[in-house]
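Heads up, the thing below is written out as structure tokens.
Note that this is a predicted model, so its numbers are computed, not measured.
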Amino acid sequence: MHKLSYTDFRYQTEKIRQPKLFPSLIFYLRLFFIVFRASRRAKHGCYDGKDWVESSYEVMQGLEKAGVCIEISGIENVVEVSGPVVIIGNHMSMMETLILPVMLQPVKPVTFVVKESLLSYPVFKHVMRSRYPIAVSRTNPRQDLKTVLNEGLDRLKKDISIIVFPQTTRSHTFDAMQMSSIGVKLAKKAGVSIIPLALKTDCWSNGKKFKDFGRLDISKVAHFAFGEPITVEGKGDVEQATVNTFIAEKLKGWDN
């Protein structure tokens, strides 16, 4: 199983020769092959956590070979926490869903809270279903909370950490008002730590016809930063604000 090579718990893409023409086309051809192969294995029940890491690593390599520079920091905050955690982050593009597994699965078994529609996504659905995700509607907040609390507790008891993107929709800008407290409530009920996750993946733009498959802008850097663990006390309002502040400050620094 591939593990990323960190220096002082930081990862940065090595300098590579960027393709002169059509980086998006080069990447998507590679991506569809990776997903198709993984889906075929998952459909036949032969796709486990190690396979997920390998697929994620191949996608990350594909991005880097297409010219995308990726930077990761703060992974020690995940490593040093004993037991499962709830990882709460902002959500910009399809990129994080595809490459977070290679960062996290070798450290702690993980799964995602996902939209129900993702489990019906052509080809990719078999891979996602094999990872025991928690599916929510995004249209019924009360039912979604019940689902996340019930199924989230089940995953956490099985030592599976959970990645939550509590925004109402993916966005290349961050609005703290769009961040629900669903992840904080789960962490509080389960008695586990929260790991804030700030990411900036707007180098993967939204497509005009298919939102998930937009052009790659290789002039932009993809950033991932994991914050220090947070223990929920009281109602969780302070902890939610701490997560939001961490994300906002990281994004501001990266923009500058």
For I88 and M179, what are the C-alpha separation, side-chain angles and deciding distance, and is it a side-chain contact (heavy atoms from CB on, under 4.5 Å)?
CA-CA 10 Å; I88 303 175; M179 293 281 284; 4.2 Å; yes
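- In the hydrophobic cluster analysis, where Ile, Leu, Val, Met, Phe, Trp and Tyr join through side-chain heavy atoms closer than 4.5 angstrom, I160 is grouped apart from V102.
- Remark: the backbone N or O of V127 is paired with a side-chain donor or acceptor of S130 at under 3.5 angstrom.
- Taking CG of L31 as the reference point, atom CD1 of I26 lies at 13.5 Å (rounded to 0.5 Å).
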Starting from the C-alpha separation in whole Å, work towards a yes-or-no answer on side-chain contact (heavy atoms from CB on, under 4.5 Å) for I99 and F224.
CA-CA 10 Å; I99 69 172; F224 294 81; 3.7 Å; yes
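- In this structure, F112 CZ and L118 CG are separated by 9.5 Å, a value rounded to the nearest 0.5 Å.
- The two atoms that bring G236 and V184 nearest to each other are O-CG1, 3.7 Å, heavy atoms only.
- The main-chain N or O of A225 is never found under 3.5 Å from a side-chain atom of S73 such that the two would form a donor-acceptor pair.
- In this structure, S56 contributes its side chain and W52 its backbone to no donor-acceptor pair below 3.5 Å.
- For the pair T242 and P196, the minimum side-chain heavy-atom distance is 4.5 Å or more.
- In this structure, the side chain of S205 engages the main chain of R215 through a donor-acceptor pair within 3.5 Å.
- The backbone N or O of L216 lies less than 3.5 Å from a partner atom in the side chain of S24, making a donor-acceptor pair.
- Side-chain atoms of K188 come within 3.5 Å of backbone N or O of G234 as a donor-acceptor pair.
- Pairing each heavy atom of N90 with each of F174, the nearest pair is CB-CD1, 4.0 Å.
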Using side-chain contact (heavy atoms from CB on, under 4.5 Å), reason through V85 and F226 one step at a time and then give a plain yes or no.
CA-CA 12 Å; V85 296; F226 299 92; over 6 Å; no
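- F22 CZ to Y28 OH: the interatomic distance, rounded to the nearest 0.5 Å, is 15.5 Å.
- No salt bridge links E54 with R41; every basic N to acidic carboxylate O contact stays at or beyond 4.0 Å.
- Hydrophobic clustering (side-chain heavy atoms under 4.5 Å, transitive across Ile, Leu, Val, Met, Phe, Trp, Tyr) groups V68 together with F32.
- T169 meets the side chain to side chain donor-acceptor pair (under 3.5 Å) test with no other residue; sequence neighbours excluded.
- Panel note: side chain K250, backbone L199; no donor-acceptor pair is recorded below 3.5 Å.
- Hydrophobic cluster membership differs between L63 and V221, with clusters built from Ile, Leu, Val, Met, Phe, Trp and Tyr side chains linked at under 4.5 angstrom.
- Going from atom CG of D144 over to atom CG of L149 covers 10.5 Å, rounded to the nearest 0.5 Å.
- For D8, the CG atom counts as loosely surrounded, since its 6.0 Å shell holds 12 or fewer non-hydrogen atoms of other residues, nucleotides or ligands.
- Heavy atoms of other residues, nucleotides or ligands lying less than 6.0 angstrom from NZ of K115 number 12 at most.
- Residues forming a side chain to side chain donor-acceptor pair (under 3.5 Å) with Q240 (at least two apart in sequence, or on another chain): N244.
- In this structure, E76 places its CD atom where more than 12 heavy-atom neighbours from other residues, nucleotides or ligands lie under 6.0 Å away.
- Using bins of under 30°, 30° to 60° and over 60° for the plane-to-plane angle, the ring pair H223/W254 lands in the parallel bin.
- In this structure, CD in Q12 is found 12.5 Å from OG in S5, a value given to the nearest 0.5 Å.
- The hydrophobic clustering, which links ILVMFWY residues whose side-chain heavy atoms are closer than 4.5 Å, places F33 and V53 apart.
- Nearest heavy-atom pair, P23 versus A66, reported as atom, atom and distance to 0.1 Å: CB-O, 3.3 Å.
- Looking only at side-chain heavy atoms (C-beta outward), T97 and M128 come within less than 4.5 Å of each other.
- Put simply, the side chain of K189 never gets that close to the backbone of G152: no donor and acceptor are under 3.5 Å apart.
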Could you walk me through whether I72 and F9 satisfy the side-chain contact (heavy atoms from CB on, under 4.5 Å) test, starting with their C-alpha distance in whole Å, then the side-chain angles of each, then the deciding distance to 0.1 Å, before giving a yes or no?
CA-CA 8 Å; I72 306 167; F9 296 107; over 6 Å; no
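- Taking CZ from R142 and OG from S137, the interatomic distance works out to 13.0 Å, rounded to the nearest 0.5 Å.
- For the pair Q143/T147, a side-chain contact is recorded, criterion being any heavy-atom separation below 4.5 Å from C-beta on.
- Here the shortest heavy-atom pairing between I195 and V81 reads CD1-CG2, 4.1 Å.
- Contact check for L100 versus I87: no side-chain heavy atoms found under the 4.5 Å cut-off.
- Between the side chain of Y47 and the backbone N or O of R40 there is no donor-acceptor pair closer than 3.5 Å.
- Judged purely by atom type and a 3.5 angstrom limit, R155 uses its side chain to pair as donor or acceptor with the backbone of Y132.
- Between E58 and R30, the closest heavy-atom pair is O-NE, 3.7 Å.
- The local environment of NZ in K43 is sparse, with at most 12 non-hydrogen atoms from other residues, nucleotides or ligands closer than 6.0 Å.
- In this structure, the side chains of E96 and I163 stay at 4.5 Å or more apart for every pair of heavy atoms.
- K220 is listed as a side-chain neighbour of D202, based on a closest heavy-atom distance under 4.5 Å.
- Considering every non-hydrogen atom in both V232 and A187, the closest pair reads CG2-CB, 4.1 Å.
- Proximity of K185 to S180: side-chain heavy atoms (C-beta onward) are nowhere separated by under 4.5 Å.
- When the side chains of ILVMFWY residues are joined at heavy-atom separations under 4.5 Å, either directly or via intervening members, I162 and L153 end up in two distinct hydrophobic clusters.
- Using a 30° and 60° split on the angle between ring planes, F165 and H91 fall in the parallel class, below 30°.
- Two residues are said to be in side-chain contact when any heavy atoms from C-beta on lie closer than 4.5 Å; E14 and E64 fail this criterion.
- Within 6.0 Å of the CZ atom in R10, the count of heavy atoms belonging to other residues, nucleotides or ligands does not exceed 12.
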